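Below is one structure, written out as C-alpha cells; comments come after it.
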Amino acid sequence: MGDGRYYTLYQFFGVMILVIISMIVMVSIVIEYFRKTEKYQERQLLYMQIMLESMIIMKIVEFVIPNIHIAYYLRLSVSMLLFVCLLSCMRYLNESIFHIIEFQNKYLWGVVIAFMAFASFYAGGRYVISSYHFFDIQYSIPYVWAWALVSIYIFIYLFIIFVTKKPLHVSYSNHFSAFIMFVFIWIPMTQYVVNIVMRSKYMDYAEIFAFAMLTIAFHIIIYSQSPSGVTLATFNRIGELIKDYVIVMDRSGRIIYKNNRVMQSHLFAEKDIIDLEAIENIYAVSTLQLFNQTGQEYIKAECEKGRCFFTQRLDEIYDQNKVIGYMLTIVDISELVELQELLESIKEKEKLANKRLKSQAEVVYNLERQKEIILLLDQILESRESDMLALIHKIDELISKKLRDDYVIENLNQIIVFNQNVLAEVRKTVSEYR
C-alpha cells in the first residue's frame, strides 16, 4: 500500500495477540449462547463478551486499515465501548454477586449509554479524542477525567468488599474477590488511564492489555457463577424427579436453581434474591403462618384451587465443612391437612353420637331398674299378704284357746316385733336396690 502500516513488528505482534484473544472470547461467547439462559443478569454477561469481541475486531481493523478517517472512528468506538464495557462489568458484579449498591431505576443505565454515545460522536468525537494520527493519539480532558473518576469508584468499591465481614460471594472470600478485581479490573484500567495522561507511544498495547485482563475477568466470573454442564444436567434431572418445590441459593440468597414445579407455579414471586431472614416473602399470594398440635410450623396460602398448605425447610449446603449455599424445600401438604380436618370432623361426630348413645343407655337402664323395683315390690306385697294372713291365723288361734291375757299379750308382742323386723329388712333391701 506504500504507507508502511502493514509491515512493522508493532502492528504484527499487536494483530497476532488480538487474534488470539479474539478466538478465546469467541469460544466463550459460543458456550454462553448455547447455555440458553433466560436470566437477565446472565444475558448481560453474554452481551459484555460480544461487546469485547467487537472492540477486538475493530482494533484489528484499525491496526491495518490505511484510511485515517475510518481508523479514527474505529478508535473512537473502541474508546467508548471500553468505557461502557467496564461500567457494564461493574454493574453486573454489583447486581448479580456483591449487592453493595442498591439501585432500582433500570432506565438510568440507558440514559447513561445514550449520553456517552452523544458525547462520542458530537462534534466529530472531539470530546473523546482531541487529535489522532494512527498511533499518535491524544485524548480529551473530559475523557481523562471520566476514566479517573471510574478508577476511583472501582477502588472504593474494592475497599468496601475488602472490609465487609459478611460473605458476598458464593465460592470466594471477600479478600480474594477484592484481589481478583484489583488485578484484573482496576490495574488494567489504571494503567490505561496513565498511558492516556502520559500520551504513551504504546497506547494500543495498553488497550490490548485491558482486553486480555477483561477476558480473564469474564472467564473467572463465568467459572465462579456457573456449574459444569454434566453436574447441572444431573442436578436438573434429580430436581425434576422431586415432586416438591426446590429452590437453591448461594450464601447471599441469590437464586441459582429452581426446579420446573417452582417455575410453572403461580404461587411464587419472580425474584432473583431471597431474604434468608424473611423466606415467606417468596410467595406471590397472601400467606398465614400456623402451627399444628405438635408445634410444627406450616403455611396457609390462597391459591387458584382454594386453600393450600405448605411446610418449608431451609437446609445448608456444605462443601468441605464450609457453607456454600442453601436449599429451600417446600412441600404441599394440602391433602394431609384436608384429611386431618376430615378426621377431626368424624371424631367430633363420634363424640356427639357416643354422648347420645350414653344418654339413651342411661334412660334404658333406669327403665329396667324401675321394672325390677316394681317386680320386687309385687313380690314383697305378696309375701307381706301371706305374712298378714299367718298373723291373723295365729291371733285367732290364741284367742280360741282361751289362754291367760298376759300370755296372749306376750305372744302377740313377739309376733308384732318379728313382723316389724321383717318389714325393716324389706325397706332396707328396696332402698339399697335403688
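If you're wondering where the values come from, they're calculated on a predicted model, not measured in any experiment.
Scanning all heavy atoms of the two residues, the minimum distance from Tyr202 to Asn195 falls at O-OD1, 4.4 Å. For Val150 against Leu87, the heavy-atom pair with the smallest separation is CG2-CD2, 4.0 Å. In plain terms, the two heavy atoms of Val25 and Ile56 that are nearest each other are CG2-CD1, 4.1 Å. Contact between Ile68 and His133 at its shortest, heavy atoms only, is CD1-CD2, 3.6 Å. Closest approach of Leu81 and Met58 over heavy atoms only: CD1-CE, 3.2 Å. A pairwise comparison of heavy atoms in Met213 and Val183 identifies SD-O, 4.3 Å as the closest pair.
Other residues, nucleotides and ligands contribute only 12 or fewer heavy atoms inside 6.0 Å of the CZ atom of Phe155. Remark: Met198 CE is loosely packed, at most 12 non-hydrogen atoms of other residues, nucleotides or ligands lying under 6.0 Å away. By the neighbour-count criterion of 12 heavy atoms within 6.0 Å, atom CD1 of Ile346 is densely surrounded, having more than that number from other residues, nucleotides or ligands. More than 12 non-hydrogen atoms from other residues, nucleotides or ligands lie less than 6.0 angstrom from OH of Tyr153.
In this structure, CG in Leu18 is found 5.0 Å from CD1 in Ile60, a value given to the nearest 0.5 Å. Distance check: Leu93 CG to Ile154 CD1 gives 9.5 Å after rounding to the nearest 0.5 Å. Rounded to the nearest 0.5 Å, atoms OG (Ser88) and CG (Leu52) are 11.5 Å apart. Here Leu45 contributes atom CG and Ile221 contributes atom CD1; the two are 6.0 Å apart, rounded to the nearest 0.5 Å. Atoms CD1 and OG, from Ile29 and Ser22 in turn, are 8.0 Å apart once rounded to the nearest 0.5 Å. The CD1 atom of Ile273 lies 11.5 Å from the CE atom of Met249; values are rounded to the nearest 0.5 Å.
In this structure a side-chain-to-backbone donor-acceptor pair under 3.5 Å is present from Ser130 to Gln138. In this structure a side-chain-to-backbone donor-acceptor pair under 3.5 Å is present from Gln191 to Pro188.
Two residues are said to be in side-chain contact when any heavy atoms from C-beta on lie closer than 4.5 Å; Met90 and Met181 meet this criterion. Under the 4.5 Å side-chain criterion, counting only non-hydrogen atoms from C-beta, Ile330 is not in contact with Leu267. Side-chain contact between Met80 and Tyr143: present, with at least one pair of heavy atoms (C-beta onward) separated by less than 4.5 Å. Here the side chains of Ile57 and Glu53 are in contact, with some heavy-atom distance below 4.5 Å. Ile137 has its side chain out of reach of Asp204: every pair of non-hydrogen atoms, C-beta onward, lies at least 4.5 Å apart. In this structure, Arg75 and Met203 have side chains that are in contact, with non-hydrogen atoms separated by less than 4.5 Å. Two residues are said to be in side-chain contact when any heavy atoms from C-beta on lie closer than 4.5 Å; Gln312 and Ile282 fail this criterion. At least one side-chain heavy atom of Met327 sits under 4.5 Å from a side-chain heavy atom of Thr329.
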Inset, instruction - Could you give me the CA-CA distance, side-chain angles and deciding distance for Arg91 and Gln44, then say whether side chain to side chain contact (heavy atoms under 4.5 Å, CB included) is met? - result: CA-CA 10 Å; Arg91 180 188 178 210; Gln44 287 295 105; 3.7 Å; yes
Legend entry - Working for side chain to side chain contact (heavy atoms under 4.5 Å, CB included), residues Val246 and Val262: CA-CA 7 Å; Val246 178; Val262 174; 5.6 Å; no
Legend entry - Chi angles and distances behind the side chain to side chain contact (heavy atoms under 4.5 Å, CB included) call for Tyr192, Ser79: CA-CA 11 Å; Tyr192 179 72; Ser79 300; 4.2 Å; yes
Inset, instruction - Step by step, work out the side chain to side chain contact (heavy atoms under 4.5 Å, CB included) result for Trp147 and Leu86. - result: CA-CA 10 Å; Trp147 270 108; Leu86 177 63; 3.3 Å; yes
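Remark: Phe182 pairs with Leu158, Trp186, Ile187 by the side-chain contact (heavy atoms from CB on, under 4.5 Å) rule, at least two apart or across chains. For Val27, the side-chain contact (heavy atoms from CB on, under 4.5 Å) partners are Ile31, not counting sequence neighbours.
Between His175 and Phe162, the angle of the ring planes stays under 30°, which puts this pair in the parallel group of the 30/60° scheme.
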Distance-only criterion, 3.5 Å: show the donor-acceptor pairs between side-chain atoms of residues 205-212 and protein atoms not counting sequence neighbours.
{"unit_1": "Tyr205", "atom_1": "OH", "unit_2": "Tyr10", "atom_2": "O", "d": "2.7"}
{"unit_1": "Tyr205", "atom_1": "OH", "unit_2": "Gly14", "atom_2": "N", "d": "3.1"}
{"unit_1": "Glu207", "atom_1": "OE1", "unit_2": "Lys59", "atom_2": "NZ", "d": "2.6"}
{"unit_1": "Glu207", "atom_1": "OE2", "unit_2": "Tyr139", "atom_2": "OH", "d": "3.3"}

